[in-house]
Q: 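Let me begin by handing over the structure; questions about it come next.
For ligands, and for the atoms within them, numbers begin at 1 and follow the listed sequence. The chain is numbered in sequence order, starting from 1.
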Amino acid sequence: MKKYLLPESGNYYKANLHCHSNISDGTLSPQELKKHYMAKGYSVLAYTDHDVFIAHPELADENFLPLHGYEVEITERDDEKDISFYLKKCCHLCLVALEPDNRKQVCWHREKYLFPNAIDYKDQVQFDEEEPDYEREYTPECINDMIKRGRENGFFVTWAHPAWSLEEHDQYIRYEGMNAMEICNGVSVLEGFQEYVPWVYDEMLRAGKSLYCVGADDNHSPDGIGQSWIVIKADRLEYRTITKALEAGHFYASHGPEIKDLWVEDGYLCVTTSDAEQISFQTAYRYTGLKKAEEGEVLNFAKFPLGEDYGYVRVSVKDHRGNYANSNAYAISDIL
Ligand SMILES: [Zn+2]
Ligand SMILES: [Zn+2]
């Protein structure tokens, strides 16, 4: 019997969970972003302007779903180290509201942290007036507290671009509770960063964390659009249906190939894909697998035997251009 890891039925929706408009430091308006993304076949776009939570429900139509979110950054402070921006470590988190009517920004500070354009939108931000100003510190404790508050207040929380942020293993291995991390950040890759980071995803998983992987653009201009994405499988293009699919991990990350189906059958993890050069299999331990296409041919299917002691499993698909798709990781105890 087949056990489907991506749902058996439903439609595929291409989505970007991280972008910037001219509300913070992007060049395009929210409406222009919609136009560009729809032209590239996207159905879902999370607006995640820096540090200011502004929703765009008016952009929704039957073929396009805007998700409401924002990105927070927690940066080493000047009073700790008087250093240039180019040397400062930071952690960025994208928060996407799970409910369409959630408008309250968490960890709000009435004065600090706003980027130039975002200052003009400050008065539109809704927050809990009873809460004191939230001071950020670049420590795992503060970052974990922000993740926790985000989750508790109904947000899907994604850890963004660890390479661009100059994050180090000793720091990030202590991050807890995020829903997902960016396995690829398209704009960082365009700028020359090693921001396709499957090994960081495995490090987090091997440390016992349960999290998904996403591809995202983080675009600030038209150039950054369509670099890296997720494909969500869900019944319909409706806000809560899509965010429930996010919570359930019904998606895969890509910057090239497609994962068409993913299932477990007779003790094997099986995957069908668009034309691939190779399909590989990773686990928590030294059990791995690789299937390569013959010279001049392509691969559209692979299967890998599962063992009870594998910890977790996931697959990566590489196309002839060297681009990858990655499934989420699945705990072996959930699928065998
Ligand atoms: Zn960022
Ligand atoms: Zn960003």
Q: When you group the ILVMFWY residues by side-chain heavy-atom contacts below 4.5 Å and let the links chain together, are Val189 and Ile230 in the same group?
A: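 Different clusters: Ile230 never reaches Val189 through Ile, Leu, Val, Met, Phe, Trp or Tyr contacts under 4.5 Å.
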
Q: Residues sharing Val52's hydrophobic cluster, by side-chain heavy-atom contacts under 4.5 Å among ILVMFWY, directly or via others?
A: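 Joined to Val52, directly or through intermediates: Ile23, Ile54, Trp108, Leu114, Ile119, Tyr121, Val125, Phe127.
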
Q: Return each pair, listed once, that meets ring-ring contact (aromatic ring centres under 6.0 Å, His included) where at least one residue sits in residues 194-221; pairs must be two or more places apart or across chains.
A: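 Matches after skipping sequence neighbours: His20-His220, His50-His220, Tyr196-His255, Tyr196-Tyr324, Tyr212-Phe251.
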
Q: Taking only protein atoms, how many N, O or S atoms are found under 2.8 Å from the Zn ion (ligand 2)?
A: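 Protein N, O or S neighbours of the Zn ion (ligand 2) under 2.8 Å, waters not counted, come to 4.
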
Q: Same cluster for Tyr37 and Val231 if Ile/Leu/Val/Met/Phe/Trp/Tyr side chains link at under 4.5 Å?
A: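 Tyr37 and Val231: one cluster.
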
Q: What is the ring orientation for Tyr310 with Tyr287, classed by angle as parallel under 30°, tilted 30 to 60°, or perpendicular over 60°?
A: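 Tyr310 vs Tyr287 ring planes: parallel.
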
Q: If you link ILVMFWY side chains whenever their heavy atoms are less than 4.5 Å apart, which other residues fall into the same cluster as Leu190? By chain and number, please.
A: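 Joined to Leu190, directly or through intermediates: none.
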
